[in-house]
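Read the numbers this way: they start at 1 and go in the same order the structure lists the ligands and their atoms.
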Amino acid sequence: MREECGVVGVVKQDANSHPVPAALQIYYALYALQHRGQESSGISVHNGREPRAFKGMGLVPEVFNKDDLVELKGNVGIGHVRYSTSGDSKIENCQPFIVTYKSGTVAIAHNGNLVNGMDLRNGLEAEGHVFVANSDTEVIAHLLVKELLKHEPPEAMRNVMKVLNGSYSLVIMIDDLLMAVRDPYGFKPLCIGEIESGYAVASESVAIDTLNGSLIRDVKPGELIIFRDGEIESHQLFNEPCCAHCVFEYVYFARPDSIIDGQLVYRVRERIGEHLSREHPVDADMVSPVPDSGITSAIGYSRESHIDYEESLMKNRYIGRTFILPGQAMRETAVRLKMNTIDENIKGKSVVLVDDSIVRGTTSRRIIDMVRKAGANAVHARIGSPPIIAPCYLGIDMSSRDELIAAHKTVSGVEAVINADSLGYLSIDGLVSAIGLDRDDLCLGCLTGAYPVDIPGEQTCQRRQLKLHEFE
Ligand code: AMP
């Protein structure tokens, strides 16, 4: 099961001096992370004696009301928003995941995906462990509880991490002790910030901004943070020679106002647009984004090419889960409900249409057809990522290889399918340069088919293997 999620943790030292309870701050932070998952949401808090949790299916405001939040008393808590891709959209898989054991309770919220989650689960089941859900998070919870019976939290976490293969940014509560941990490659983001009378940890810095806090720093790959007695304790449990930050966070997934591993996502996307313009120039009347994901790159493209930026499409931000009747006519209504053309801006113009990525190609085809129907003379598609040729096993919903259009077609083949007058993808070098981090510190698995960790049936990055060898 692949998941894209957002996690948050809040701890307050002196709740009396600050009137906003931890649960309410977690609720606000989850709002800021809503883009990372819309399927379910949950909060778990601890009041020093016992944990309380509230979870449900749907968007943050659909799940919680004021009365629920008032019941969640405690100075420390964690929260989660979840988006899963397979059919496992059920309440049992909602997080935070809570396990009660001999010495207390462990609550975990997880962003990422374990490559060996199933193997670990089979092993635990053979030992007699009983599972209620089918998410990786439950596997991590059971492994941690086993270790906590024998070791203090840092040693327990190190032992758990030794057997995990994959991506995980975790916020954990062991009774009322808040911890945060990032996998040794730092696939998924996780950062810590100071908030009034305490600390927050979150998938993205926008959650800390929302709490009027200030970003302290990212959790380092392989680092465990323990928030204890008003201090931030750091335990560097693993120290790999290179990281593997997910490039898709910068391309599409993260909010542009977040700072991830030292890079403001907005600047990265602007640079993506600038590179795209240099790599694939075209004579056109206007540059237009596919909203919202293409906006910042389109601004960069326009600035670099000196072609006017003008919007040609408007997105309805309130569509949510709208009931649509089956049938072709209704499908067209559904598309228009989501996105409409500004015909007067488009008529008789040649348009550069900028989007972040093409996965299956169905969205691009539909949008280009709409822009043509609105009277464009030509539509030139410019894509802010290289062709996606391989699936993601590490937490981004990227379909299977069969569904990825660029896994089976050349650029001109994709151009024909999406019905563009021309198509230009950003190069891998262009993307790496726009992100501004060392290529060896990025996960480019979906763009190269070679992954930073061993995945059965897939290639492992050669360059990384060499670097690891040097390190030994
Ligand atoms: P399509 O090519 O029809 O699969 O749609 C691609 C579009 O979906 C991209 O332009 C993105 O805006 C958006 N997108 C890309 N990756 C994802 C993802 N992992 N989850 C949800 N939407 C995505």
Check contact between Glu4 and ligand 1, using heavy atoms of the residue and a distance below 4.0 angstrom. yes
Assess whether a salt bridge exists between Arg360 and Asp402, defined as any Lys/Arg side-chain N lying under 4.0 Å from an Asp/Glu carboxylate O. no
Ion pair Glu279/Arg382, N-O distance below 4.0 Å: no
Centroid separation Tyr250 to His245 less than 6.0 Å: no
Atom 21 (C) of ligand 1: nearest protein contact (heavy atom, Å): Tyr252 OH, 3.5 Å
In terms of atom number and element, which parts of ligand 1 are under 4.0 angstrom from non-hydrogen atoms of Ser293? 12 (O)
Give the residue and atom name of whichever protein heavy atom lies nearest to atom 19 (N) of ligand 1, and the separation in Å to one decimal. Asp397 O, 2.6 Å
Would you say atom 8 (O) of ligand 1 touches the protein, meaning some protein heavy atom is under 4.0 Å from it? no
Mutual orientation of the aromatic rings belonging to Tyr185 and Phe187 [parallel < 30°, tilted 30-60°, perpendicular > 60°]: tilted
Under a 4.0 angstrom heavy-atom cut-off, which atoms of ligand 1 come close to Ile396? 19 (N)
Among Arg365, Arg366, Arg372, find the one that has a salt bridge (charged side-chain N to carboxylate O under 4.0 Å, His left out) with Asp369. Arg365
Would you mind running through ligand 1 and noting each atom that sits below 4.0 Å from a heavy atom of Ser357? 6 (C), 9 (C), 10 (O), 11 (C), 15 (C)
Does any N/O atom on Tyr83 come nearer than 3.5 Å to any N/O atom on ligand 1? no
Examine Ile358 against ligand 1 and note whether any of their N/O atoms are separated by less than 3.5 Å. no
Cationic N near anionic O, under 4.0 Å, Arg271 to Glu274: no
With respect to atom 1 (P) of ligand 1, which of Thr363, Ile388, Ile418 exhibits the smallest heavy-atom separation? Thr363
Residue-ligand contact Gly361/ligand 1, heavy atom below 4.0 Å: yes
Can you pull the side chain to side chain donor-acceptor pair (under 3.5 Å) pairs that have at least one residue in residues 343-354, sequence neighbours excluded? Thr341-Asp343
Ser364 versus ligand 1: do any nitrogen or oxygen atoms come within less than 3.5 Å of each other? no
Taking atom 12 (O) of ligand 1 as the reference point, the nearest protein heavy atom with its distance: Asp356 OD1, 2.8 Å
Considering only heavy atoms of Asp355, which atoms of ligand 1 have at least one such atom less than 4.0 Å away? 10 (O)
With Asp355, which of Ser364, Ser288, Ser293 fulfils side chain to side chain donor-acceptor pair (under 3.5 Å)? Ser293
So is Phe253 close enough to ligand 1, meaning a heavy atom under 4.0 angstrom away? no
Flag the pair Glu39 and Arg82 as a salt bridge only when some basic side-chain nitrogen lies within less than 4.0 angstrom of an acidic carboxylate oxygen. yes
May I ask you to decide whether Lys188 forms a salt bridge with Glu204, counting only side-chain N to carboxylate O separations under 4.0 Å? no
Is Val290 touching ligand 1 with its side chain, its backbone, both, or neither, if touching means heavy atoms under 4.0 Å apart? neither
Side chain to side chain contact (heavy atoms under 4.5 Å, CB included) with Tyr28: which of Val60, Val8, Val10, Leu211? Leu211
Within the 4.0 Å heavy-atom shell around Phe248, which atoms of ligand 1 are there? 16 (N)
